[in-house]
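One structure is given here, and the rest of the page talks about it.
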There are 4 protein chains.
Amino acid sequence: MSPRRRDTEATPPREGRRAELLATAAEVFAAQGYAATTIRQVADAAGILGGSLYYHFDSKEAMADEILSTFLGDMWAAYDRVLGAGLGARETLEAIVAESFRCIDRHRPAVVLYQNESKHLATGERFRYLLDSHRRFEEMWTSLLERGVAEGVFRADLDVGLVYRFVRDTVWVAANWYRPGGRLSADDIAKQYLAMVLEGIQRGSG
Amino acid sequence: MSPRRRDTEATPPREGRRAELLATAAEVFAAQGYAATTIRQVADAAGILGGSLYYHFDSKEAMADEILSTFLGDMWAAYDRVLGAGLGARETLEAIVAESFRCIDRHRPAVVLYQNESKHLATGERFRYLLDSHRRFEEMWTSLLERGVAEGVFRADLDVGLVYRFVRDTVWVAANWYRPGGRLSADDIAKQYLAMVLEGIQRGSG
Amino acid sequence: MSPRRRDTEATPPREGRRAELLATAAEVFAAQGYAATTIRQVADAAGILGGSLYYHFDSKEAMADEILSTFLGDMWAAYDRVLGAGLGARETLEAIVAESFRCIDRHRPAVVLYQNESKHLATGERFRYLLDSHRRFEEMWTSLLERGVAEGVFRADLDVGLVYRFVRDTVWVAANWYRPGGRLSADDIAKQYLAMVLEGIQRGSG
Amino acid sequence: MSPRRRDTEATPPREGRRAELLATAAEVFAAQGYAATTIRQVADAAGILGGSLYYHFDSKEAMADEILSTFLGDMWAAYDRVLGAGLGARETLEAIVAESFRCIDRHRPAVVLYQNESKHLATGERFRYLLDSHRRFEEMWTSLLERGVAEGVFRADLDVGLVYRFVRDTVWVAANWYRPGGRLSADDIAKQYLAMVLEGIQRGSG
DNA sequence: AATGAATGAGGCTTCATTCAT
DNA sequence: CATGAATGAAGCCTCATTCAT
């Protein structure tokens with residue numbers, strides 16, 4: 001399973017090749033869709049031949065797996081830091097949204113992949129964790145929103161299930177157009193999104 | 001051998017067979033993704049054999065084409081009615097959002113297909129109109145938002161490009177979970193979405 | 001098997017429809033090749049739908065069969081008249097060549113079909129007669145040429161097998177470019193071909 | 001599982017695999033007709049599986065393309081050598097015919113393919129060069145024959161267009177029955193064909 | 001690590017053919 | 001006679017995967 005067998009070679013990039021290839025794969029998967037992407041396209045983008053990828057990975061699925069689980073691990077670690085900080089509902093929501101945009105910044109192709117393909121991939125046993133993550137997500141948001149309503153900081157006249165979907169989709173969908181290094185930083189975008197989500201786009205009456 | 005066995009209607013609907021099959025295809029494409037769907041799965045869902053689909057359609061792509069162009073035609077017809085009604089920016093936005101949710105109601109699978117696959121499909125000549133539609137979309141929203149800012153009904157402190165993406169995505173993404181005939185009607189959802197988009201989810205300070 | 005069942009209809013072309021369709025089929029087969037021609041192309045050319053051809057013919061093969069056997073029957077009838085006339089070798093050759101060109105005139109598409117596809121079709125039981133015809137052909141020509149050599153009218157320094165192939169091919173291949181009603185009639189062409197075959201294209205030394 | 005079992009040459013010819021496969025394909029195409037040949041038949045004849053051919057070639061059409069263009073390239077190179085040698089009309093014709101038979105000897109299946117399928121294949125853009133070659137052919141022969149008539153070595157009483165077709169067909173059709181290594185060599189056959197074409201099969205009166 | 005050549009399953013599509021109407 | 005709708009086998013091609021070198 002481990003790709004290394006020699007110790008004294010001159011070939012420079014030893015460790016990190018795997019991550020490099022995964023980044024390439026994620027980019028191509030995100031650009032074309034997982035099912036529509038061939039292993040050869042990934043290999044072309046990496047400058048090697050199709051078969052050579054199998055030295056590094058067991059299968060196409062394994063690549064998607066590693067891409068997604070890395071992203072989700074990173075994301076939940078960030079979320080857990082926020083959730084453990086004992087903030088109020090509103091501050092928590094702000095922090096979660098901000099972390100989400102930072103995640104998009106770090107894992108953009110993975111996020112796109114997650115959005116477009118997780119429903120489809122999740123049917124396999126190997127991707128069970130996608131469903132788990134999905135459920136944790138829903139619980140987190142629902143309880144956060146309910147807490148906010150209870151604390152009086154969020155409107156009580158809206159359907160919580162609807163708001164959950166609204167906020168969830170709104171944040172992640174940005175991965176489809178966000179490009180790191182653009183005019184607006186991830187934090188800029190987070191700030192504006194939060195303004196919209198919290199206060200709306202309508203000019204305040206005050 | 002015969003795909004039906006009921007006697008009370010030995011002759012299938014006759015007219016509209018094409019539309020029937022397209023509806024089935026759209027459903028399957030939306031559920032599994034266009035690339036991940038096999039022609040046999042569509043045929044199975046329609047109760048015929050794979051090859052039989054080619055009596056009605058030239059290719060898998062032709063099905064997607066017809067599904068998408070029908071949806072977009074219907075959508076733009078509705079949008080054009082709204083845009084030609086001479087409403088204010090805020091009322092126009094409300095009407096456009098409402099029409100969008102009605103479109104989701106009528107064409108849910110097509111909308112899902114459009115969202116998930118249009119980026120990928122649009123590379124082919126045949127789907128040129130997807131790009132055109134995309135551009136009209138962007139123009140419509142951008143000018144509408146700018147008009148609203150000018151009229152003083154929308155906030156001026158937000159990036160218009162960002163708001164455009166926010167509103168656009170927010171509306172269409174709902175197609176991924178909306179099910180006609182559910183607890184909330186399309187108009188109910190539109191109303192709540194509008195409330196969120198216009199006023200935010202935060203409890204007003206007034 | 002017989003296509004007629006009614007006696008009192010008004011539809012004009014009763015008998016002869018079959019021949020009409022066969023002529024159309026032969027034309028298309030000749031133009032595109034038997035294997036490369038679809039039943040639908042034949043039907044299109046005849047102005048009906050694919051399935052409708054099966055009212056008249058049992059199968060695609062049956063059409064080729066009828067086209068080829070009709071042509072060969074006609075051809076051998078003509079040849080037999082010549083061969084039974086008790087002519088000298090040279091006159092017989094002239095008459096056979098002339099009849100061949102008349103056959104091309106009457107059955108051009110069938111001749112093309114015969115030339116291009118008989119080798120391939122002859123593998124089936126149903127087309128056994130193609131092989132038989134081929135053999136009769138070879139025997140006829142070989143004995144005619146040998147007779148001519150014996151009679152002193154044909155050169156003795158040439159390989160008879162080679163001459164046989166030369167004459168045979170030379171004549172039939174003309175079907176590929178001949179068009180009835182062109183500048184030269186079938187008899188004109190026959191005359192010139194005979195001049196070439198008998199005397200050569202070189203200017204005589206006399 | 002492995003398609004070879006011999007041990008003395010575990011590594012196949014390596015270089016020239018492509019040419020090997022093309023030769024096999026040409027053989028099968030010539031024997032059965034291009035349209036009637038399945039890719040599996042070609043693969044079977046080559047001792048590999050159907051899909052494996054696509055490692056070497058893009059499509060069935062690409063194989064035909066390469067077979068035909070290789071043959072035509074070789075042929076025109078030979079013709080151009082002859083045409084550039086400054087020979088008289090009669091000697092040029094002799095040399096062209098001789099080269100043609102040598103071409104048949106080297107490329108027999110390609111010649112058969114060219115004869116039987118070029119008309120049909122030439123409808124596609126990719127095979128445009130077949131039409132070009134056809135035109136060059138006609139020009140070459142026509143001007144050669146006219147030159148011969150002007151020089152007084154060819155008969156003036158024959159239709160040049162007819163003679164062109166006669167000579168052209170006469171030569172190439174031999175590919176259908178010629179087998180390298182048979183009783184007569186390509187040069188023997190060329191000599192006899194030339195005798196027939198130039199002097200005819202009739203016994204000279206002198 | 002990577003290449004070159006294959007495998008083999010399965011996908012899209014075509015097409016001869018059938019049949020109720 | 002003809003249509004419309006299907007069947008089902010087979011064809012071309014793709015692609016994830018394997019493996020000797």
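Protein chains get the first letters and strands the later ones, always in sequence-line order, with residue 1 at the start of each. Computed from a predicted model, the values in this text were never measured in an experiment. These numbers come from the heavy atoms of this one structure, side chains and all, not from hydrogens, waters or symmetry mates.
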| Taking it one step at a time, do A:Val42 and A:Glu27 satisfy side-chain contact (heavy atoms from CB on, under 4.5 Å)? | CA-CA 9 Å; A:Val42 173; A:Glu27 212 78 58; over 6 Å; no

Would you say [X] reaches [N]'s phosphate, i.e. side-chain N/O to OP1/OP2 under 4.0 Å?
X: A:Tyr54; N: F:dT18; result: no
X: A:Arg17; N: E:dA2; result: yes
X: D:Tyr55; N: E:dA5; result: yes
X: C:Ser52; N: F:dT3; result: yes
X: D:His56; N: E:dG4; result: no

| Spacing of C:Arg40 atom CZ relative to F:dA6 atom C1', expressed in whole Å | 15 Å

| message | I need the CD-C1' distance between D:Glu20 and E:dA6, as an integer number of Å. | response |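 Roughly 14 Å, once rounded to whole Å.
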
| Closest nucleotide of DNA chain E for C:Glu61 versus for A:Leu53: which of these residues is on the 5' side? |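 Final value for this comparison: A:Leu53.
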
| note | Note: for B:Phe57 and A:Gly51 on DNA chain E, the residue whose nearest nucleotide lies more 5' is A:Gly51

| Where each residue is assigned the nucleotide of DNA chain F containing its nearest heavy atom, which of C:Leu21 and D:Ser59 is assigned the position nearer the 5′ end? | C:Leu21

| request: Describe the nucleic acid contact of B:Thr38 in one word from base, sugar-phosphate, nothing, applying a heavy-atom distance below 4.0 Å. | output: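 The answer is sugar-phosphate, as B:Thr38 gets under 4.0 Å only of primed atoms, P, OP1 or OP2.
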
| query | How would you label the contact of B:Ile39 with the nucleic acid (heavy atoms, under 4.0 Å): base, sugar-phosphate, or nothing? | reply |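 Contact class for B:Ile39: base.
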
| Side chain of C:Leu49 - closest among F:dT3, E:dT3, F:dC1 |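 Of all the options, the side chain of C:Leu49 is nearest to F:dT3.
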
| query | Nearest to the side chain of C:Lys60, which nucleotide is it out of E:dA16, E:dT13, E:dG8? | reply |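 Comparing E:dA16, E:dT13, E:dG8 against the side chain of C:Lys60, the answer is E:dA16.
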
| Residue pair C:Met63 / C:His56, side-chain heavy-atom distance below 4.5 Å | no

| remark: Applying the 3.5 Å cut-off to both distances, the Watson-Crick or G-U partner of F:dA16 turns out to be E:dT7

| query | What is the base-pairing partner of E:dT21, counting Watson-Crick and G-U wobble geometry with both distances under 3.5 Å? | reply |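 Checking every strand shown, E:dT21 finds its partner in F:dA2, with both distances under 3.5 Å.
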
| message | Tell me whether the rings of B:Phe71 and B:Tyr114 are parallel (<30°), tilted (30 to 60°) or perpendicular (>60°). | response |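 Taking B:Tyr114 first and then B:Phe71, their aromatic rings stand perpendicular (interplane angle over 60°).
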
| query | Angle class for the A:Phe29/A:Tyr34 ring planes (parallel below 30°, perpendicular above 60°, tilted otherwise)? | reply | perpendicular

| Worked check of side-chain contact (heavy atoms from CB on, under 4.5 Å) between D:Leu130 and D:Leu72 | CA-CA 9 Å; D:Leu130 290 175; D:Leu72 285 175; 3.7 Å; yes

